[in-house]
2 protein chains.
Amino acid sequence: MVTIYDIAKKANVSAMTVSRVINKSEKISEITRKKVEAVIKELNYIPNNSARNLITKKTKILSLMITDIGNPFFTSVARGAEDKAMQMGYQLLLCNSDENFEKESKYMDMLISTGSDGVLIAPANDNSKKNMKKLTKHGIPFVLIDRRIPDIDCDQVLSDNEATTRRLIEHLIKQGHRKIAIINGPLVVSTARERQQSYIDTLKIHGISVNNDLIKESHFRDSDVTNSIQELLNLPESERPTAIFATNNFIGMNTMKILYRHNIKVPEEIAVVSYDVPNYTENESILTVAEQQAYNFGYIGIQLLIERIEGAAPEKARKIVLPSEIHLRASSLNQRD
Amino acid sequence: MVTIYDIAKKANVSAMTVSRVINKSEKISEITRKKVEAVIKELNYIPNNSARNLITKKTKILSLMITDIGNPFFTSVARGAEDKAMQMGYQLLLCNSDENFEKESKYMDMLISTGSDGVLIAPANDNSKKNMKKLTKHGIPFVLIDRRIPDIDCDQVLSDNEATTRRLIEHLIKQGHRKIAIINGPLVVSTARERQQSYIDTLKIHGISVNNDLIKESHFRDSDVTNSIQELLNLPESERPTAIFATNNFIGMNTMKILYRHNIKVPEEIAVVSYDVPNYTENESILTVAEQQAYNFGYIGIQLLIERIEGAAPEKARKIVLPSEIHLRASSLNQRD
DNA sequence: CTGTTAGCGCCTTCAC
DNA sequence: GTGAAGGCGCTAACAG
């Protein structure tokens with residue numbers, strides 16, 4: 001391994017001078033700098049960050065804790081995070097919690113040990129509060145994205161769940177629907193709670209009574225929603241929903257697939273609206289969706305994080321709410337319109 | 001920051017003993033181990049990897065260099081890589097080269113500096129050879145996935161491009177096609193070359209003359225293939241293709257979208273087959289595809305890499321070829337079948 | 001089984 | 001502008 005001493009010897013300077021060159025110190029004469037740089041290049045020297053970190057306590061490594069990189073929403077988040085991190089000279093450590101607090105905790109210890117300068121995190125659920133406290137104890141800044149944690153005050157990049165859900169539900173109501181079901185993620189996740197609350201509030205505002213049989217708590221993972229849908233279909237005619245609100249992409253995709261499999265016409269028999277369904281295939285999508293700014297969750301999140309790390313952020317925690325865009329498509333539009 | 005000395009003092013042992021407990025050394029009495037572990041827990045001690053790495057030269061960090069995490073193929077690779085890495089106690093640094101050698105090189109320096117124990121890499125193109133040499137010079141093992149590099153002998157996990165392409169093309173020939181176009185990625189990428197060669201060979205074997213007007217070199221990024229397709233459509237009736245072979249997912253998706261936009265019926269006017277198109281939406285796909293074992297590229301790749309790092313691999317480089325699965329669908333099936 | 005000594009590669013501090 | 005000394009937190013090598 002080539003060290004600064006090797007460079008120093010060959011360039012006839014002290015190690016300290018080499019260090020100054022590497023760190024782009026101003027107080028170096030043009031001549032010695034050129035000389036040192038030449039040797040660095042010649043010997044293919046690359047600084048050893050471990051040694052550096054030991055002193056500076058900075059690794060230039062950020063951790064991205066998401067629930068699943070396989071979820072297209074988080075894939076975009078990751079891409080945004082990585083673009084900004086790279087641009088600012090940071091590297092990104094990838095962690096998938098799989099919506100699981102224990103797995104998240106394990107990663108947390110690893111990333112503290114590694115010496116992450118900061119963490120961008122979409123927490124698994126409300127339990128993650130413990131992990132946030134741990135980060136704070138270790139003096140590691142973090143930014144929450146997508147999901148908030150009760151009583152945790154920190155920089156956040158969130159979605160306008162209340163407004164977007166309301167618009168989605170009001171759209172269904174305008175289309176004549178009264179029996180609207182919701183297939184949701186677990187209520188220990190803030191986004192699930194917020195979307196459900198807005199769903200309930202919107203129905204009430206429009207004088208529609210809330211039927212608990214139409215509220216299904218499922219998962220945000222790419223899991224089976226067959227049971228939830230079967231239960232909805234088994235409801236007596238008078239209760240059976242004419243529309244379904246899917247609160248994330250996996251739920252939305254799988255709901256559509258199951259309805260097709262049951263030969264249920266969308267939207268004639270059941271209309272469907274969903275959060276976040278990407279159009280990654282050859283077909284034009286027919287699904288009405290609320291598209292969140294996934295890329296910006298990552299991009300802006302990393303920006304806030306780095307500002308915080310580098311002391312460029314205001315003391316007060318910042319909360320950024322990114323609006324979603326609703327795409328109205330066939331899955332929720334009446335023929336007669 | 002809590003150090004081993006804090007633990008040592010409080011537990012009335014030497015720092016060395018604490019170090020042994022952390023590293024699960026056998027030569028520690030049950031009693032002192034318990035005592036030390038208690039203090040570690042009490043003080044919330046987490047080892048400083050930077051200090052550790054400085055001595056051991058091991059970081060337990062692996063780098064994953066892919067061209068774009070946004071490409072669903074690589075998303076699966078990443079997920080497989082991460083699962084195996086986590087299982088083996090390693091963390092994963094994410095790098096997107098964007099099919100760009102310069103960007104890849106920049107990451108390469110960063111990851112060497114950080115001290116990656118190894119690199120799993122889908123190289124940007126043949127130029128990446130320089131980066132492989134650099135890794136070798138720094139004694140960092142790497143495993144090539146998906147794409148090979150001429151004259152680089154190392155562990156590899158590759159796809160059966162020759163056989164799968166042949167089956168795809170023979171399927172089209174069986175369907176009666178003689179004018180088959182290929183829209184390919186850049187030929188500086190090994191997979192593009194292999195698929196193109198197999199396309200040519202298969203045509204020849206079946207006595208079909210190769211028409212260079214039907215061979216289009218495009219990109220593997222999510223870029224525009226409009227021009228390529230337009231050129232194909234502008235061909236005189238006698239040359240115009242009746243089938244298109246798209247060599248990756250983005251090309252496949254975009255080809256389908258453009259054909260739809262041109263109101264060209266698939267497969268009646270033009271049949272389409274593609275590599276790797278995921279079905280991430282609510283619709284059932286109609287596209288005939290060769291599905292690669294993306295997850296296993298990552299999972300097995302990391303396994304080979306860790307074996308290599310930990311000295312558990314045979315000296316001779318291993319080459320693993322994962323077969324693809326062809327899904328025949330409407331986009332390439334004649335009505336009359 | 002446990003402790004002592006030395007040093008990993010670099011940067012901080014303080015001289016010159 | 002440049003250099004010398006010391007130490008970051010930890011573990012290898014050795015001693016007992």
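Being a predicted model, the structure only gives us computed values, none of them experimental.
- With salt bridges taken as basic N to acidic carboxylate O contacts below 4.0 Å, one links A:D83 and A:R79.
- Following rounding to the nearest Å, B:I4 (CD1) and D:dT11 (P) show an atom-to-atom distance of 6 Å.
- Counting atom types as modelled, B:Y5 pairs no side-chain N or O with a base atom of D:dC8 as donor and acceptor under 3.5 Å.
- Counting only residues at least two apart or in different chains, salt bridge (Lys or Arg N to Asp or Glu O under 4.0 Å) contacts with residues 106-121 of chain A comprise A:D109-A:K134.
- Listed here is the closest heavy atom pair of B:M132 and B:I152: CB-CD1, 3.9 Å.
- Under the salt bridge (Lys or Arg N to Asp or Glu O under 4.0 Å) criterion, the residue pairs touching residues 142-154 of chain B are B:E99-B:R147, B:K129-B:D151, B:R148-B:E194, with sequence neighbours excluded.
- Counting heavy atoms of neighbouring residues, nucleotides and ligands inside a 6.0 Å radius, atom NZ of A:K57 exceeds 12 of them.
- Put simply, CG on B:N23 is 9 Å from C1' on D:dC10, counting in whole angstrom units.
- When side chains are defined from C-beta on, A:M65 counts as touching A:S97, because their heavy atoms get closer than 4.5 Å.
- Side chains of A:N127 and A:N125: a donor on one and an acceptor on the other come within 3.5 Å.
- Between the side chains of B:R52 and B:N23, at least one donor N or O sits under 3.5 Å from an acceptor N or O.
- In this structure, A:K58 places its NZ atom 15 Å from P of C:dC11, rounding to the nearest Å.
- Each end of the helix from C:dC1-D:dG16 to C:dC16-D:dG1 gets its own rotation axis from five pairs of C1' atoms, and the angle between them is 30° to the nearest 10 degrees.
- Near DNA chain C, meaning a heavy atom under 4.0 Å away, the residues from residues 40-56 of chain B are B:L54, B:I55.
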Nucleotide N/O to protein N/O under 3.5 Å, stretch nucleotides 1-5 of chain D:
{"from": "D:dT2", "atom 1": "OP1", "to": "A:S29", "atom 2": "OG", "distance (Å)": "3.2"}
{"from": "D:dT2", "atom 1": "OP1", "to": "A:T32", "atom 2": "OG1", "distance (Å)": "3.2"}
{"from": "D:dT2", "atom 1": "OP2", "to": "A:S29", "atom 2": "N", "distance (Å)": "3.0"}
{"from": "D:dT2", "atom 1": "OP2", "to": "A:T32", "atom 2": "OG1", "distance (Å)": "3.0"}
{"from": "D:dG3", "atom 1": "OP2", "to": "A:S14", "atom 2": "N", "distance (Å)": "2.9"}
{"from": "D:dG3", "atom 1": "OP2", "to": "A:S14", "atom 2": "OG", "distance (Å)": "3.0"}
{"from": "D:dG3", "atom 1": "OP2", "to": "A:T17", "atom 2": "OG1", "distance (Å)": "2.4"}
{"from": "D:dG3", "atom 1": "N7", "to": "A:R20", "atom 2": "NH1", "distance (Å)": "3.3"}
{"from": "D:dG3", "atom 1": "O6", "to": "A:R20", "atom 2": "NH2", "distance (Å)": "2.4"}

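- Distances shorter than 4.0 Å separate some side-chain N or O of A:S19 from OP1 or OP2 on C:dC11.
- Side-chain contact check for A:I7 versus A:V2: some heavy-atom pair is nearer than 4.5 Å.
- Residues in residues 31-41 of chain A take part in these salt bridge (Lys or Arg N to Asp or Glu O under 4.0 Å) pairs, two or more places apart or across chains: A:E30-A:R33, A:E30-A:K34, A:R33-A:E37.
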Q: Give the C-alpha distance, both sets of side-chain angles, the deciding distance and a yes or no for side chain to side chain donor-acceptor pair (under 3.5 Å) between A:T59 and A:N53.
A: CA-CA 6 Å; A:T59 57; A:N53 304 340; 5.4 Å; no

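- Side-chain nitrogen and oxygen atoms of B:K57 include at least one within less than 4.0 Å of the OP1 or OP2 phosphate oxygen of C:dG9.
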